[in-house]
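The structure appears below as structure tokens.
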Amino acid sequence: MKDYFNYNGKICVVTGASSGMGKATCEVLVELGAIVYALDIQPVEVEGIKESIYVDLSDKDSIDEAFSRVPKTVDKFFGVAGLKGATLDFMYVAKINLVANKYICEEILVDRMNENGAIAIVTSAVGVSWEKEGNYKFYKTAIEAKGWDETIQAIEATGMTRSNNGFAYVYTKLATNYLVAHLQKTFGEKHIRVNALMPGDTATNFGSEDNAKVNPEKPSPYVGYAGRTATSNEMAYPLIFLNSDMASFVSGTYIFADYGCSSEIMADIKPNLVGESIEANILKAMKR
């Protein structure tokens with residue numbers, strides 16, 4: 001049978017590779033014959049990867065050091081790492097979820113991706129409505145900023161870093177979806193595709209641990225009609241599809257993997273799950 005995915009011998013870099021979706025992605029890539037460089041703050045224990053590389057994605061110097069151990073040319077990048085971080089500092093979460101992906105793409109991969117390569121970044125189903133003006137006006141300047149320091153300064157200038165309680169996660173996922181659109185021109189002219197996967201609730205150490213059926217009295221809003229959280233592999237598969245030759249004319253696309261939840265929000269069948277409006281939540285956070 002023809003190898004429609006065409007990963008054999010391709011150099012792939014995966015962040016957040018030690019567990020969950022990132023680990024599942026590495027495992028499938030190895031099966032497909034890819035040469036996998038697995039980046040994480042924890043050791044990556046996946047048989048068959050080329051190298052497990054330490055990286056602290058909140059630290060620019062650590063990112064630079066990690067990529068010094070990656071080949072000079074890269075075929076596929078999977079930006080999987082992320083934190084919910086409801087109890088963590090807003091900026092720490094923002095660096096890992098947003099700033100690191102932006103820096104890696106704009107400052108490193110822009111000169112190292114092979115032609116016809118591909119980038120896939122994991123965002124979230126909470127990032128629905130990222131394109132609305134009431135939302136993007138809060139992160140547009142950060143996405144348009146140049147380099148690591150300017151991006152951080154632009155986020156801090158909004159004043160919203162005073163609050164977290166999970167809000168940093170929502171903000172960074174909205175902003176990362178906007179980033180995917182912003183990267184189209186930069187990479188499209190080099191014939192490199194950039195896409196996003198927007199997962200619903202997934203059974204990882206990031207979310208639900210047991211993949212149990214959702215409690216009918218307290219259903220999780222981001223599982224759609226599945227009645228359960230997704231497995232890590234159920235997110236790894238569409239992620240790998242996006243960076244494969246099967247999706248050779250797909251760029252600037254957002255795959256919702258939440259069993260219909262986001263489509264109902266976009267069609268106004270159900271309310272936006274992060275509150276009465278995302279802009280209202282942003283304003284509340286800024287006043288705290």
Side-chain angles (χ1 to χ4, degrees), residues 14-22 39-42 54-63 66 78-107 121-130 135-145 147-180 182 196-202 204-209 221-222 235 273-275 278-288:
V14 183
T15 66
S18 70
S19 63
M21 300 176 201
L39 277 59
D40 205 300
I41 201 166
Q42 301 293 336
Y54 172 87
V55 67
D56 177 355
L57 291 172
S58 70
D59 184 343
K60 172 184 172 295
D61 291 340
S62 181
I63 295 172
F78 298 82
V80 186
L83 289 175
K84 276 192 174 178
T87 61
L88 299 174
D89 174 72
F90 185 106
M91 206 62 234
Y92 179 70
V93 176
K95 288 176 182 177
I96 292 173
N97 289 6
L98 172 63
V99 183
N101 278 318
K102 182 175 183 291
Y103 177 77
I104 290 169
C105 289
E106 295 182 339
E107 304 297 327
I121 300 174
V122 174
T123 64
S124 171
V126 304
V128 68
S129 302
W130 62 269
N135 296 327
Y136 74 66
K137 68 182 183 181
F138 290 97
Y139 40 79
K140 185 173 184 288
T141 54
I143 300 304
E144 293 177 346
W148 181 273
D149 292 338
E150 284 190 23
T151 301
I152 290 173
Q153 291 166 9
I155 295 171
E156 291 175 336
T158 65
M160 67 183 67
T161 59
R162 295 190 299 269
S163 176
N164 192 352
N165 297 320
F167 177 69
Y169 178 76
V170 177
Y171 172 81
T172 56
K173 295 307 180 180
L174 286 162
T176 303
N177 282 331
Y178 190 88
L179 171 66
V180 169
H182 184 75
L197 177 71
M198 299 175 64
D201 284 356
T202 304
T204 69
N205 59 358
F206 180 87
S208 170
E209 290 286 356
Y222 289 104
M235 298 301 159
L273 302 178
V274 298
I278 298 173
E279 181 171 12
N281 277 270
I282 290 173
L283 293 173
K284 284 180 182 178
M286 292 173 66
K287 291 176 182 178
R288 289 176 184 148

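For N135 (side chain) and S129 (main-chain N/O), a donor-acceptor pair under 3.5 Å exists by modelled atom type. Of the possible polar contacts, one joining the K102 side chain to the A145 backbone as a donor-acceptor pair under 3.5 Å is found. Judged purely by atom type and a 3.5 angstrom limit, T15 uses its side chain to pair as donor or acceptor with the backbone of V80. Between the side chain of T202 and the main chain of G200, a donor-acceptor pair closer than 3.5 Å is present. In this structure a side-chain-to-backbone donor-acceptor pair under 3.5 Å is present from D40 to S18.
Across all non-hydrogen atoms, the minimal contact from V93 to Y169 is CG1-N, 4.3 Å. The two atoms that bring I63 and V55 nearest to each other are CA-CG2, 3.8 Å, heavy atoms only. Between Y139 and L174, the shortest heavy-atom distance links the atoms CE2-CB, 3.6 Å. Considering all non-hydrogen atoms of both residues, S58 and K95 come closest at O-CD, 3.4 Å. Heavy atoms only, all atoms of each residue included: K173 and V122 are closest at NZ-O, 3.5 Å. In plain terms, the two heavy atoms of I96 and A100 that are nearest each other are O-CB, 3.9 Å.
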Worksheet item: Does the pair M160 and F90 meet the rule for a side-chain contact (heavy atoms from CB on, under 4.5 Å), with working shown?
Response: CA-CA 8 Å; M160 67 183 67; F90 185 106; 3.8 Å; yes

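Ring geometry for F167 versus Y171: interplanar angle of 30 to 60°, hence tilted.
Partner of T172 under the side-chain hydrogen bond (donor to acceptor under 3.5 Å, both in side chains) criterion, out of N97, N177, T123: N97 alone.
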